[in-house]
Amino acid sequence: MKQFVVIGLGSFGMSLAKTLYEMGNDVLVIDKDEELVQSMAGLVTHAVRADATDENVLKSLGVKNFDVAIVAIGKNMESSIMITMLVKEMGVKYVIAKAHNELHARVLYKVGADRVVMPEKDMGIRVARNIFSSNLLDLIEFSKDYSIAEILPIEEWFHKTLKEIRMRERYGLNVIAAKKMNDEIIVSPGPDYVVDEGDILAVCGKNIDIKKFEIKM
């Protein structure tokens, strides 16, 4: 079991936090919005309303003891940069930060981020650069054990629901998002989501399961 702290509860942060917790990990989420924090009650290990730009707050929450910190604040660049710097200085070994644009990403790397992602913007760029099999389009490593992968559904999944496919039971993977051919993005699709030909599925899981999935595909 790994310990993850997710700072920022936008759709990206919420989806990651819930998925990581469902996979059996210890997950702490932090956000200043009381309503968002309350909505995560029971969906993660701990949900705390706090200002993560306050170094004393991060220390009191024991953030330095977590294996991975995910700074999921994209638009407030000043806050995301400050938080990224703070958690890295505290000794968190692996820090993933969400960037709003290329300049933001460069600054995040300079202040210590180990990995920067731009999920709303750079999907096409990452896919084009990182194709390494016919179905596994992209890989984002969270740590040596966990990753997010973008995959194309196989034919036997077409027109079936996620419940019918049993992705988690059969492959050990969780679907955290889906992109339709018209570029519509569905975050945290439910069990009744129907997979169509041309979909791109973002799945999260252990690297060992993703590799099995890659071979199977």
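Values reported hereafter were calculated over all heavy atoms of this structure, with side chains retained and with hydrogens, waters and symmetry mates removed. All residue numbers in this chain count up from 1 along the given sequence.
In this structure, R168 and E22 have side chains that are in contact, with non-hydrogen atoms separated by less than 4.5 Å. Two residues are said to be in side-chain contact when any heavy atoms from C-beta on lie closer than 4.5 Å; F12 and L16 meet this criterion. Counting only heavy atoms from C-beta outward, the side chains of D114 and K88 approach each other to under 4.5 Å. In this structure, the side chains of K18 and M40 come closer than 4.5 Å at one or more pairs of heavy atoms. A heavy-atom distance below 4.5 Å is found between the side chains of V68 and I70.
A donor-acceptor contact closer than 3.5 angstrom links the side chains of S147 and N207. Using a 3.5 Å distance cut-off with no hydrogens or angles, the side chains of D192 and T161 do not pair a donor with an acceptor.
Distance check, rounded to the nearest 0.5 Å: NZ of K179 to CG of L201 gives 12.5 Å.
A salt bridge does not link E156 to R166: none of the charged nitrogens lies less than 4.0 Å from a carboxylate oxygen.
Here the shortest heavy-atom pairing between T19 and C204 reads CG2-CB, 3.7 Å. Taking all atoms of both residues into account, the shortest heavy-atom contact from V87 to T84 is CG2-O, 3.3 Å.
For Y171 and W157, the gap between ring centers is short of 6.0 Å.
Across V71, D54, V111, a single residue satisfies side chain to side chain contact (heavy atoms under 4.5 Å, CB included) together with I83, and that is V71.
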